[in-house]
Amino acid sequence: MSLLSVRGLSTEFRTERGVVKAVDDVSFDLAAGETLAIVGESGSGKSVTAMSILRLIPDPPGKISAGEVVFDGRDLLKLSDEEIRAIRGDRIAMIFQEPMSSLNPSLTVGLQIAEPINLHRKTPWAAAMDMAVELLERVRMSDARSRVKAYPHQFSGGMRQRAMIAMALACQPQLIIADEPTTALDVTVQAQILALLKEVTRAANSALILITHDLGVVARYADRVCVMYGGRIVEAGPAREIYARPRHPYTIGLMASVPRLDQEAGSRLVPIEGSPPNLANLPPGCAFAPRCRRAVDICRSERPPLVKSAPDHLSACHFHAQLSAPVGSHVGT
Amino acid sequence: MSAPDTVLEVKDLKVHFPVLAGAVVRRQVGSVKAVDGVSFDVRRGETLGLVGESGCGKSTTGLAILKMIDITSGEVKFEGENISSYDRSRMRPIRRRMQMVYQDPFGSLNPRMKVSEIVGEPLEVHGMASDRAAYDARVASLLDMVGLLPDMADRYPHEFSGGQRQRIGIARALALDPALIICDEPVSALDVSIQAQVVNLFQELQERLGLTYIFIAHDLAVVRHISHRIAVMYLGRIVEIAPRGELYAKPLHPYTQALLAAIPIPDPEVEASRPQQIITGEVPSAMRPPPGCRFHTRCPKVMEVCRSVDPSMRDRGGGRAVACHLYDT
Ligand SMILES: Nc1ncnc2c1ncn2[C@@H]1O[C@H](COP(=O)(O)OP(=O)(O)OP(=O)(O)O)[C@@H](O)[C@H]1O
Ligand SMILES: Nc1ncnc2c1ncn2[C@@H]1O[C@H](COP(=O)(O)OP(=O)(O)O)[C@@H](O)[C@H]1O
Ligand code: SF4
Ligand code: SF4
Ligand SMILES: [Mg+2]
Ligand SMILES: [Mg+2]
């Protein structure tokens, strides 16, 4: 039984350049305790997918145009505004890239952590504040008892992100969605925060959706992966399977284009030529066709559906069956 | 004496920014020791990587070499010439030979100038084009060099993607035939699939034109890929410098070890078997760096001596040097 089942999710934005299909027919499942990484380039639809799940899409200009988001047996897209508000921050928590934009600068950190506990759980303020201290201790903030009285600007970037995690954990959510939670942080702090996030979700058996563009982060923390390109999922499956036997030319290309610390340096990288697609003006067939070295006529006319290419492994490429060669070191497309 | 193939020599460079306070009378209450005693040299045709976490002084080092900010003390020698005390006008001829490529391909190009003007401007400023035809030919060849099409010359920056804008910035930096290019996080803002294109371009240009680079970045995998030697910075200091292979195969400084351990490798099998040694804490303020070894507040191998005695840079042979008491003999 999956905790979250996203089916055919589509979200559009009306812009002066026309209708942008930011998320187009996206489906995936997530079980309790699992970490799913959504990986893709800037503008591929990762954040819009996350915000659609929580119904945080600004309307206008945005609109969830199709699909269902079944969470714990209920379709979130059919809930009233009040019902979805009761779920946000309680059953599903979200952590954003820039903690400063989601923290209130004029309230103490402790008050902000205690608020959802008071709001959703009706816990009296004094008890909720005690829980805030405990939560800060759980995210290994030193001096938690005095730090609850501090304001966000008195924290470093890493401490703010710890506070955000404490806030997310406050009501013991079943699902945490973290959208590039460490992109703004230094590498050593990034490693601390991601390890912490992984540890606390594992301890609570919560599911985690980790949005990132970093293939290394995916490899270290994710159980499953969805690769997005041009608003669609182009490949999905268990992380080990995707890295060992990628079955989409975009994924294969990405892996060949990043330098790795554990490989011979000095060889030339194999880049993906061209640039990411313009969502307002997608080509009719496969969105990756203009950059794909394997593209043939059918790719430019027919959109490849996301199909099962191997057990528990989906690919949206007309030629997925021919792409099963294992990736040893750098493999070009 | 420097070897004849040394392009740049930096000795005990310090850049301190005054910190002012007071509403009416501004007085100096302290200083940010952004760069606090940095020494290295760069040989012709090589790439020196400069890595470290944000605020450790990478960009300030680059700007100080170009004399775009004031040097507090120390020496910068470019092609044998001590430029430490040069003012703007004396820097002019030097600036032809030293260029910079910036991180932000969006902010660093003038939005009201056509690509041909952006790329050609340095030629005009330095009076390097004899006539219109020579100017046009040079701009065309620069665009070609960085993989842009001739018809892009008449377009404006907003019509280009991040990777293309970075190519425009590189073409501009190449206009005056520089010897040294300081690249400050030149691929950090680009999408993963575009980074490799730009990294390859840097390498091709180096081979073709014999360029020397200082390549600043926080992504160690990218730096390792492109650099011949790497200097690791922490709180205004270089803590370790080594040829790329050695630095990654056997990092000596505990901070280098921590940085390398923090970078995940894009392979779940490898990650599963890798020991996860994550250091705690964050970089302390550059206004009040810790006494003794600046890394001692976070170092897993800290010893008593580290808390009071500042370790100096020691030569370890083979082009390696490290500043850590573990290697005192
Ligand atoms: N409020 C909005 N109005 C119009 N278009 C939008 C809006 N929000 C997102 N989009 C568009 O939706 C598409 C997907 O955006 P999204 O933010 O999901 O990308 P992403 O994968 O999260 O990228 P990044 O890695 O840069 O965060 C983009 O083309 C973006 O321009
Ligand atoms: N113009 C300035 N005035 C005051 N402080 C500065 C200035 N420029 C940089 N700094 C400080 O100097 C330190 C080093 O900065 P920088 O060289 O930009 O680091 P990096 O490029 O390694 O991230 C930081 O503490 C930064 O805040
Ligand atoms: S469908 Fe065609 S263009 Fe698209 S990824 Fe597969 S081979 Fe390439
Ligand atoms: S000098 Fe001491 S504190 Fe500094 S890095 Fe070496 S062992 Fe660690
Ligand atoms: Mg996003
Ligand atoms: Mg910088």
Side-chain angles (χ1 to χ4, degrees), chain A residues 39-44 140 142 156-159 184-192 194-196 213-223 225 238-244 250 253-276 291 327, chain B residues 51-56 147 160-164 189-201 203-204 218-228 244-245 247-248 255 258-272 274 276-285 298:
Chain A
V39 61
E41 299 182 77
S42 186
S44 59
R140 279 193 233 102
S142 54
S156 69
M159 284 160 69
L185 302 176
D186 277 327
V187 277
T188 58
V189 182
Q190 166 171 344
Q192 293 166 11
L194 288 173
L196 173 70
H213 59 265
D214 185 330
L215 290 175
V217 166
V218 177
R220 187 177 280 188
Y221 301 102
D223 304 311
V225 187
R240 282 178 185 243
E241 167 75 11
I242 301 257
Y243 280 78
Y250 173 63
L254 265 190
M255 288 180 184
S257 66
V258 292
R260 286 173 56 154
L261 280 183
D262 63 337
Q263 279 174 347
E264 199 66 38
S267 58
R268 276 290 147 78
L269 300 173
V270 185
I272 301 176
E273 299 303 337
S275 24
R291 306 174 74 188
V327 173
Chain B
V51 298
E53 298 180 270
S54 75
C56 71
F160 292 89
S161 68
Q164 287 171 324
L190 303 178
D191 264 320
V192 184
S193 78
I194 306 301
Q195 286 192 4
Q197 295 176 5
V198 177
V199 165
N200 282 2
L201 175 64
Q203 289 183 317
E204 281 157 27
H218 62 268
D219 183 332
L220 273 87
V222 169
V223 171
R224 168 177 180 263
H225 183 80
I226 200 166
S227 308
H228 301 100
R244 131 180 100 200
L247 188 89
Y248 286 83
Y255 178 62
L259 268 185
L260 289 175
I263 314 282
I265 290 169
D267 185 335
E269 304 282 345
V270 173
E271 276 301 321
R274 224 172 147 214
Q276 306 251 320
Q277 293 152 321
I278 299 171
I279 58 161
T280 53
E282 295 181 46
V283 183
S285 152
R298 304 172 75 195

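To find a chain, count down the sequence lines: A is the first, B the second, and so on, and within it residues start at 1. On a predicted model such as this, the values are computed, not experimentally measured, just so you know.
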To the nearest 0.5 Å, what is the distance between CZ on A:R260 and CZ on B:R224?
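The distance works out to 10.5 Å.
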How long is the span from the CD1 atom in B:I265 to the CG atom in A:D262, to the nearest 0.5 Å?
4.0 Å
Closest non-hydrogen atom pair, [X] against [Y]:
{"X": "B:A262", "Y": "A:R220", "value": "O-NH1, 3.7 Å"}
{"X": "B:E282", "Y": "A:G157", "value": "OE1-N, 4.3 Å"}
{"X": "B:A272", "Y": "A:R240", "value": "CB-NH2, 3.2 Å"}
{"X": "B:Y248", "Y": "A:L261", "value": "CE2-CD2, 3.1 Å"}

Top contributor to chain A contacts, counting heavy-atom pairs under 4.5 Å, from [options]:
{"options": "B:D219, B:L259, B:I263, B:L260", "answer": "B:I263"}
{"options": "B:G281, B:G162, B:S161", "answer": "B:G281"}
{"options": "B:I194, B:D267, B:V222", "answer": "B:D267"}

What residues, two or more places apart in sequence or in another chain, satisfy ring-ring contact (aromatic ring centres under 6.0 Å, His included) together with A:Y221?
none
Main chain of [Y], side chain of [X]: is a donor-acceptor contact present, judged purely on distance under 3.5 Å?
{"X": "A:Q192", "Y": "B:I278", "result": "no"}
{"X": "B:N200", "Y": "A:L269", "result": "yes"}
{"X": "B:Q197", "Y": "A:G274", "result": "yes"}

Which bit of [X] comes within less than 4.5 Å of chain A, counting heavy atoms only: side chain, backbone, both or neither?
{"X": "B:V192", "result": "both"}
{"X": "B:E204", "result": "both"}
{"X": "B:V198", "result": "neither"}
{"X": "B:S193", "result": "both"}

Side chains of B:I226 and A:P259: closer than 4.5 Å at any heavy-atom pair?
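A side-chain contact is absent here, since even the closest heavy-atom pair is not under 4.5 Å.
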Which is it for A:H213 and B:D191 under the side-chain contact (heavy atoms from CB on, under 4.5 Å) test, yes or no, and what are the steps along the way?
CA-CA 8 Å; A:H213 59 265; B:D191 264 320; 5.6 Å; no
Contacting moiety of [X], where chain B heavy atoms sit under 4.5 Å:
{"X": "A:A195", "value": "side chain"}
{"X": "A:R140", "value": "neither"}
{"X": "A:V217", "value": "both"}
{"X": "A:E273", "value": "both"}

Tell me which of these, A:T188, A:V187, A:I272, A:L215, has more heavy-atom pairs under 4.5 Å with chain B than the rest.
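Maximum pair count with chain B is reached by A:T188.
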For chain B, which candidate among A:D214, A:V189, A:I242, A:V218 shows the most heavy-atom pairs at distances under 4.5 Å?
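Result: the option with the highest number of such pairs is A:V189.
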